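In what follows, a structure is listed as structure tokens, so that the remarks can point back to it.
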Amino acid sequence: MLHLSEQQIIRRKKLDKLKLLGINPYPSEEYIITGSILDIKKNFLEKEIISIAGRLMRFRFLGKASFGEIKDHTDCIQIYFSEKNLFSEKMGIKDTYNIFLKKLIDIGDIIGITGFLFKTKMNEITIRAHKLTLLSKSIRPLPQVKVDKKNNKIYDAFSNTEQRYRMRYVDLIVNDHVKNIFLTRTRIIQKIRNYLDDKGYLEVDTPVLQSIPGGAIARPFETYHNTLGIPLYLRIANELYLKRLIIGGFHGVYEFSKNFRNEGMDRIHNPEFTVLELYIAYKDYYWMMDFTEKLMKCIWKEFQKEEEHNINFKTPFPRIPILDSIKKYTGFDLEKIKEEDLRKVCHKLNIEENRNMSKAKLIEHIFEVKCEKNYNDPTFIIDYPIEMSPLTKRHRHKKDLSERFELIINGQEIANAYSELNDPIDQLSRLREQMRLSGNNEKNESLSIDQDFIRALEFGMPPTAGIGIGIDRLVMLLTKKSSIQEVLFFPQMRPEKNGKK
RNA sequence: GACCUGGUAGCUCAGCUGGUAGAGCAUUACACUUUUAAUGUAAGGGUCCUGGGUUCGAAUCCCAGUCAGGUCACCA
């Protein structure tokens with residue numbers, strides 16, 4: 001049943017031999033280090049005695065001496081072992097080198113090294129090891145990635161996407177560039193958080209389990225609460241809860257919200273994804289555009305120093321009404337168009353349409369297919385048709401439009417924002433209209449319309465501007481990755497079949 | 001959901017029109033005291049994704065399934 005490869009069997013045997021020699025392959029004691037490898041390399045001091053711990057990544061034997069490379073969370077350093085100088089707790093000089101190190105330690109093992117620093121003939125900072133401690137035995141062989149340091153060329157990279165995603169831990173051990181993506185991801189989020197905190201906005205937590213999944217239109221994941229005896233849904237958005245907090249008197253709230261949508265998966269959709277939602281009282285969508293510009297510029301400066309992108313972050317970002325954009329790229333003026341004529345336009349543009357798609361939906365579809373890809377530099381697309389924005393205020397001057405913008409960068413939607421609708425009566429009728437469009441009958445109203453949210457609005461919500469920024473997409477943009485899976489530690493995968501590997 | 005491409009040793013990959021399964025790294029053994037994609041010699045290692053079919057004979061051809069990637073569709 002348990003099929004082991006030759007290499008796995010050999011490593012398990014080594015485990016037994018270690019135990020026979022009185023060496024615990026998984027010791028409990030704290031292992032004291034004197035610093036991280038990166039610090040040690042930065043502050044190199046000839047002959048300084050240091051102690052480090054990490055994973056053995058490579059090994060080169062040369063008879064009575066040999067070289068290994070150890071990697072910790074910061075960097076990799078070369079270790080020089082020689083027969084004459086190496087000892088371990090359970091073994092003397094010679095045996096430590098010839099038996100412990102040579103026969104029982106493998107690439108992938110986590111070890112501790114004590115020794116002093118020097119530079120080799122090749123001028124590489126190296127630890128001359130005196131003491132070797134096994135901290136954790138690895139019984140599965142690590143993929144051997146070879147790096148030619150002269151030109152930084154990688155050979156035999158661990159590159160199978162499926163294996164990389166399924167065994168992300170291996171991916172992280174072996175592929176430094178992968179680790180860097182996630183370090184960048186965290187730094188981007190920290191940067192945004194600091195930026196918002198500095199402005200005095202409050203980070204909050206709102207429910208992930210909701211009895212009415214509101215704030216967006218999407219198929220939710222369904223679950224069930226045993227004690228309450230009711231269905232619950234994983235949130236598809238947190239918007240309605242953040243607005244309740246604005247009603248409650250906070251002037252600015254935000255949340256890095258993990259949202260869940262039970263829909264298709266592809267290179268830009270994962271069932272769970274992260275959106276930064278931010279709501280600020282007494283502002284409108286014009287203010288939010290200015291704010292977004294500054295925030296994005298600040299992040300861009302921090303994370304794109306190399307200027308490798310061909311994206312120009314010159315402010316102010318252009319602000320283009322969606323209908324103007326469509327006019328520019330298709331030649332059709334849709335401002336006062338009737339639904340029938342709009343369908344004809346779709347045919348002329350070779351765009352699929354069906355009866356289930358509303359007028360607003362068709363307009364949006366045309367934009368996505370014909371226009372979106374043309375905006376490489378950051379651009380605000382503004383003033384969307386009112387029907388497709390049920391939570392947005394009607395435009396103060398343009399009757400059938402709403403005060404909404406999307407930020408497009410590199411042909412992709414990065415953010416979606418609007419002047420929040422705060423008229424409770426209008427809100428209820430818009431949600432009903434939305435419900436009708438999506439084919440639900442009125443009997444289901446109590447199941448699909450969040451009446452408590454309407455009640456909250458009835459108490460009065462200040463005029464508010466809100467924005468959602470797709471964090472995964474933003475990280476993709478800043479790390480130049482074309483799939484969302486590359487910026488998520490553990491992207492959703494189909495389960496592996498009966499114990500393959 | 002549709003179509004295209006792929007799944008062979010721990011990893012990266014060859015394997016032609018069907019004829020005993022290959023390489024490099026890794027592993028094991030030996031040699032080697034400043035190497036760095038270390039080197040040299042030798043050895044071991046395979047459910048060729050799964051299940052059917054065609055055939056004297058299938059990693060290879062056909063069908064179905066499965067997993068991944070890509071393109072499209074769906075998705076505020």
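In this text, all values refer to a predicted model and were calculated from it rather than measured experimentally. Chain naming here is simple, since letters A, B, ... match the order of the sequence lines and numbering starts at 1 in each.
Using the six-membered ring where Trp is involved, A:Phe367 and A:Tyr375 have ring planes that are parallel, under 30° apart on the 30 and 60° scheme.
In this model, the phosphate group of B:U35 is not approached by any side-chain N or O of A:Arg60 to a distance below 4.0 Å at OP1 or OP2. In this model, the phosphate group of B:U27 is not approached by any side-chain N or O of A:Arg11 to a distance below 4.0 Å at OP1 or OP2. Checking the phosphate oxygens (OP1, OP2) of B:A38, no side-chain nitrogen or oxygen of A:Lys121 falls inside 4.0 Å. Under 4.0 angstrom from either OP1 or OP2 of B:U12 there lies no side-chain N or O belonging to A:Gln144. The shortest distance between the side-chain N/O atoms of A:Arg267 and the OP1/OP2 oxygens of B:U71 is below 4.0 Å. Of the side-chain N and O atoms in A:Lys146, one or more sit less than 4.0 angstrom from OP1 or OP2 of B:A26.
Put simply, the side chain of A:Ser82 and the base of B:U33 share no donor and acceptor less than 3.5 Å apart. Counting distance only, with no hydrogens placed and no angle test, the side-chain atoms of A:Tyr80 and the base atoms of B:U35 include no donor-acceptor pair under 3.5 Å. Residue A:Gln7 places a side-chain atom within donor-acceptor reach of the base of B:A26, judged by atom type and a 3.5 Å distance cut-off alone. In terms of polar N and O atoms assigned as donor or acceptor, the side chain of A:Gln78 comes within less than 3.5 Å of the base of B:U35 in a complementary pairing.
For the P atoms, the distance from B:A21 to B:C32 is 38 Å, rounded to whole Å. A distance of about 11 Å separates the P atoms of B:G7 and B:U60, rounded to the whole Å. For the C1' atom pair drawn from B:A9 and B:U47, the interatomic distance equals 13 Å after rounding to whole Å. B:G46 and B:U5 have their C1' atoms separated by 24 Å, given to the nearest Å. Comparing the C1' positions of B:C3 and B:U50 gives a spacing of 23 Å, expressed to the nearest Å.
With sequence neighbours excluded, no residue forms a side chain to side chain donor-acceptor pair (under 3.5 Å) with A:Lys348.
Salt bridge A:Lys71/A:Asp75: absent, no basic N to carboxylate O contact under 4.0 Å. A salt bridge links A:Arg244 with A:Asp450: the closest approach of a Lys/Arg side-chain nitrogen to an acidic carboxylate oxygen falls below 4.0 angstrom.
Taking the six-membered ring where the residue is Trp, the centroids of A:Phe87 and A:Phe100 are separated by 6.0 Å or more. Under the 6.0 Å cut-off for aromatic ring centres, A:Phe405 and A:Phe380 qualify, their centroids lying closer than that.
For A:Gly264 and A:Lys153, each mapped to the nucleotide of RNA chain B holding its nearest heavy atom, the one lying further toward the 5' end belongs to A:Lys153. Ranked by how close their nearest RNA chain B nucleotide is to the 5' end, A:Glu239 and A:Met265 are led by A:Met265.
B:A23 is paired with B:U12 under the criterion used here, namely a Watson-Crick or G-U wobble arrangement in which both key atom distances are under 3.5 Å. Across all strands shown, B:G1 is found opposite B:C72 as a Watson-Crick or G-U wobble partner, with both distances under 3.5 Å. In a base pair of the Watson-Crick type (N1 to N3 plus N6-O4 or O6-N4) or a G-U wobble (N1-O2 and O6-N3), with each distance short of 3.5 Å, B:A64 is matched with B:U50. In this structure, B:A38 forms no base pair with any nucleotide, since neither Watson-Crick nor G-U wobble geometry is met with both distances under 3.5 Å. A 3.5 Å limit on both hydrogen-bonding distances identifies no Watson-Crick or G-U partner for B:U55. Pairing for B:G18 is absent, judged as Watson-Crick or G-U wobble with the two contacts each under 3.5 Å.
Residue-level contact check: A:Phe158 touches the backbone only, with heavy atoms under 4.0 Å from sugar-phosphate atoms and none from bases. At a threshold of 4.0 angstrom between heavy atoms, the contacts of A:Leu62 include nucleobase atoms, whether or not backbone atoms are also involved. Within 4.0 Å (heavy atoms only), A:Ala218 reaches no atom of the nucleic acid at all. Here A:Lys14 lies in heavy-atom contact (under 4.0 Å) with sugar-phosphate atoms only.
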